[in-house]
Structures are given as C-alpha cells and as structure tokens.
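One structure is given here, and the rest of the page talks about it.
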Amino acid sequence: MAVVTVTSTSPSTAHQDLFVVATHKVRDRNAGVPHQWVPYGTQHAWAPGSRRTLCGEWIAGWEVFWDRPFSARPSDACPACTEATLPEEARKRLDRLSPARP
C-alpha cells in the first residue's frame, strides 16, 4: 500500500479545507434529507487541527459540520471569518473600522 501526501502552498487552495463550526445545531425540517443537523446561529470558518476559528474564537464544545465547507454566501456567515478567507491583496483594500470619536 502506497501513501501519497499532496502539499500545496498555492493561495487559491489555502482555504479550501475550511469547515463550518457553530455553537449550536438543530434539525432541519425543510431539507430533502429528513432531520439533517444544520448550524444554528453564526457560522464560523475552522481549519482541522486548529483550536480557534479564523476570527479567533475558541471552538471548545462547538459543533463541527464535516459535510459543510465554509462559504461566505450565507447571511449568517461570520464577517471576520469571511474576511480572513480573502487573499491578502483583497484584505488591504477593505475599509478598516475606526474607533468612534467622542
């Protein structure tokens, strides 16, 4: 038996192994698969092997949805995780939030 390890440092594949994690899960009553578990609340991006989401939240006790790759498309996707998935050049163009002035 041969073991093949594929390693890629290409920026386009840097975030392809991100999965959805959430603090809660519920049964989906609308899907074609009856009573499938779905995330409830904010969907964060998580890379296997890490203890934190891309936005820096600890994931201890959180639900991992192995069948759901992270996507920025759902409205309940974490904005900070979404920003972290962007290429560096795109992040430089984003407006930074400045603290409120008195």
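In this chain, numbering begins with 1 at the start of the sequence shown.
- Evaluation of the ring-ring contact (aromatic ring centres under 6.0 Å, His included) rule for Phe19 yields Trp66 as partners, not counting sequence neighbours.
- The one candidate from Arg68, Arg27, Glu63 that meets the side-chain contact (heavy atoms from CB on, under 4.5 Å) condition with Trp37 is Arg27.
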Just list the side-chain donor-acceptor pairs under 3.5 Å for residues 39-61, sequence neighbours left out, or say none.
residue, atom, partner, partner atom, Å
Gln43, NE2, Asp76, OD1, 3.4
Trp46, NE1, Ser50, O, 2.8
Ser50, OG, Arg52, N, 3.1
Ser50, OG, Arg52, O, 2.9
Arg52, NH1, Gly56, O, 2.8
Thr53, OG1, Cys55, N, 3.4
Thr53, OG1, Gly56, N, 3.4
Thr53, OG1, Glu57, N, 3.1

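- Phe70 is listed as a side-chain neighbour of Thr85, based on a closest heavy-atom distance under 4.5 Å.
- Under a hydrophobic-cluster definition in which Ile, Leu, Val, Met, Phe, Trp and Tyr are linked whenever side-chain heavy atoms come within less than 4.5 Å, directly or via other members, Trp62 and Val20 are assigned to different clusters.
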